[in-house]
Amino acid sequence: MDAVRFELIKNDEKTKASLGRLRTPHGLIETPVFMPVGTQATVKAMRPDQLKEIGAKIILSNTYHLYLRPGHEIVKAAGGLHKFMNWDGAILTDSGGFQVFSLGDLRKITEEGVSFRSHIDGSKHMFTPEKSMEVQNALGSDIMMAFDECPPYPAEREYVKRSLERTTRWLERCVKAHKNTEKQSLFGIMQGGMYKDLRKLSASQIVEFDLPGYAIGGLSVGEPKELMYEVMDYCVDYLPKNKPRYLMGVGSPDCLFEGVERGVDMFDCVLPTRVARNGLAMTSHGRISIKNAAYEKDFSKLDPECDCYTCTNYSRAYLRHLFKANEILSSMLLTNHNLYFLINLMERIRNSIKDGNFLELKREFYNKYGEF
RNA sequence: GUGGGUAUAGUCAAGUGGUCUAAGACACAGGAUUGUGGCUCCUGCAUUCAUGGGUUCAAAUCCCAUUACCCACC
């Protein structure tokens, strides 16, 4: 029995959007879902009780970062990641594979795994599928991601093909090394760059392992949005409908709509939290850069249609002041709002699928919000 | 009142005759940001050096006057 089980509730009639339920050892999650990112065992600027209050059910954390600091052994000694960070909701851990891509020149990839230098102190380390599983088992996340390679964009077809096939071999090693199947589930990751046949090849290979969930990796790596939509459209079709389909690293409001429309069930993204710390708010009428001089004397609500803690209690002028003054509360209030905005948006999306008017909601949203 | 000193962008300032249509920092104004190396990154912001006059081929830089401020003495 898998630790995490997915149940399809309803398919939208006009699109590939679908409603589902994900049962995890740490709660039931309705899909489509957005997962806030808590890289270092904390969603930056948010307390776990606040995350709970805004409706977060599952967050993402990072193998790479926790392995380097404080060290997975310490997290394990603390009683696991949930206990360590005081979060009793579900946790998905990224495998560290993405750092192979994002750490750029520090990496060296071989069949065995990836050697890299710590961004913290420059020390040398080696990640293999086995090591990634060992670390994620120690962390005790509900969903562990397979150790993969995410090729950059653009990338040569031949390279992408060799990379994807290696990622499949790594997946096989992950499955073998995974020690805690009753409490933790392993998701596979599809690669294949922007090549349709390679995506199909990757999907057919990873689906063989009959895993409890699959992710679409290698998107939102710098390619044009239209291309990403086109690729994600057929990627979803290559994955089984009765398993959750997770689009990694995507989370701007418009992309969420496009993803859901194409059948994606899970999303994660640093965008709302990162952007909040830089003074940007996602509102029902589009983005607001709170540092702009235009808000100096604007005592209205950040988002007139939002009922989050920030919007019910503070003005744009105050938020601008906090940002300009470099106050910690600025990050806290804007992060709280942005996460609430996306989580609330996903709830409205789920309700629209339930009520059969997803496309109407999408159209209404685009009219008011525009693109990210 | 006497002697000395300083006057360069919103602020702090570099620069002491020619590569100054003036360094840098902060502030200010925009922008970026998608499996987080982020109080980060990118862009813009003095045709002008207190004011007036002079010397010189050439002045923010030298000289004179004026104005403002600072210090010391009375």
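Keep in mind that this is a model prediction, so the values were computed, not measured. Letters A, B, ... are given to chains in the order of the sequence lines, protein chains preceding strands, and every chain is numbered from 1. Computed over heavy atoms, backbone and side chain alike; hydrogens, waters and symmetry mates excluded.
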Listing request: all side chain to side chain donor-acceptor pair (under 3.5 Å) pairs with a residue in residues 215-225 of chain A, at least two apart in sequence or in separate chains. A/Lys225-A/Asp254
Pairwise [atom1] distance for [N] and [M], with rounding to whole Å:
N     : M     : atom1 : answer
B/C42 : B/A50 : C1'   : 36 Å
B/U55 : B/A65 : C1'   : 15 Å
B/A46 : B/G24 : P     : 12 Å
B/C62 : B/C49 : P     : 15 Å
B/C63 : B/G5  : P     : 11 Å
B/C12 : B/U6  : C1'   : 15 Å
B/G18 : B/A27 : C1'   : 33 Å
B/A14 : B/G31 : C1'   : 30 Å

Please report the distance, rounded to the nearest Å, between [atom1] in [X] and [atom2] in [N].
X        : N     : atom1 : atom2 : result
A/Tyr64  : B/G37 : OH    : P     : 8 Å
A/Leu68  : B/G37 : CG    : P     : 11 Å
A/Asn292 : B/G30 : CG    : P     : 4 Å
A/Arg274 : B/U33 : CZ    : P     : 10 Å
A/Met266 : B/G35 : CE    : C1'   : 11 Å
A/Leu66  : B/U36 : CG    : C1'   : 12 Å
A/Arg277 : B/U40 : CZ    : P     : 12 Å
A/Leu334 : B/U33 : CG    : C1'   : 15 Å

Ignoring hydrogens and angles, answer whether the base of B/G35 and the side-chain atoms of A/Asp148 contain a donor-acceptor pair closer than 3.5 Å. yes
According to the interplanar angle, ranging from 0 to 90°, do the rings of A/Phe116 and A/Phe127 count as parallel (below 30°), tilted (30 to 60°) or perpendicular (above 60°)?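 Answer is perpendicular, since the angle exceeds 60°.
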Please check the phosphate of [N] (OP1 and OP2 only) for any side-chain N or O of [X] closer than 4.0 Å.
X        : N     : answer
A/Asn62  : B/U36 : yes
A/Gln99  : B/G35 : no
A/Lys324 : B/A27 : no
A/Ser102 : B/G37 : yes
A/Arg107 : B/G37 : no
A/Arg320 : B/A29 : yes

We want to know whether A/Gln136 and A/Thr93 form a side-chain donor-acceptor pair, criterion being a heavy-atom distance below 3.5 angstrom.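 On atom types as modelled, these side chains qualify, holding a pair under 3.5 Å.
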By the definition side chain to side chain contact (heavy atoms under 4.5 Å, CB included), identify the one residue from A/Asp142, A/Leu139, A/Asn137, A/Val4 that meets it with A/Gln184.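 Among the candidates, only A/Asn137 passes.
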Got a donor-acceptor contact below 3.5 angstrom from the A/Ser132 side chain to the A/Pro129 backbone? no
Backbone N/O of A/Glu360 and side chain of A/Asn357: donor-acceptor pair under 3.5 Å: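 No, the answer is negative, given that no donor and acceptor are paired below the 3.5 Å cut-off.
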Report which part of the nucleic acid [X] touches: base, sugar-phosphate, or nothing (heavy-atom distance under 4.0 Å, all strands).
X        : answer
A/Thr273 : base
A/Gly218 : base
A/Ile189 : base
A/Asp94  : base
A/Gln191 : base

For RNA chain B, which ranges pair as stems of 3 or more consecutive Watson-Crick or G-U pairs, with both donor-acceptor distances under 3.5 Å?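 Stems for RNA chain B, defined as runs of 3 or more consecutive pairs: B:1-7 with B:67-73, B:10-12 with B:24-26, B:28-32 with B:40-44, B:50-54 with B:62-66.
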In B/S/- notation (B base, S sugar-phosphate only, - none; protein heavy atoms under 4.0 Å), nucleotides 41-46 of chain B written 5' to 3' is ------
Restricting to non-hydrogen atoms, name the atom on A/Met232 and the atom on A/Gly259 that form the minimum distance, rounded to 0.1 Å. SD-CA, 3.6 Å
For residues 273-316 of chain A, which residue pairs qualify under ring pair (Phe, Tyr, Trp, His ring centres under 6.0 Å), counting only residues two or more places apart or in two chains? A/Tyr309-A/Tyr314, A/Tyr314-A/Tyr318
According to the ring pair (Phe, Tyr, Trp, His ring centres under 6.0 Å) rule, which pairs have a member within residues 131-151 of chain A, sequence neighbours left out? A/Phe147-A/Trp170
For A/Phe365, the option from A/Phe358, A/Phe372, A/Phe257 that meets ring-ring contact (aromatic ring centres under 6.0 Å, His included): A/Phe257
Residue whose nearest RNA chain B nucleotide is more 5′ - A/Phe323 or A/Ser61: A/Ser61
Judged by each residue's nearest nucleotide on RNA chain B, which is more toward the 5′ side, A/Val37 or A/Phe372?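 Upstream on the strand: A/Phe372.
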Taking the six-membered ring where the residue is Trp, are the ring centres of A/Tyr64 and A/His125 under 6.0 Å apart? no
Got a sec, which residues hit salt bridge (charged side-chain N to carboxylate O under 4.0 Å, His left out) with A/Glu112, two or more places apart in sequence or on another chain? A/Arg173
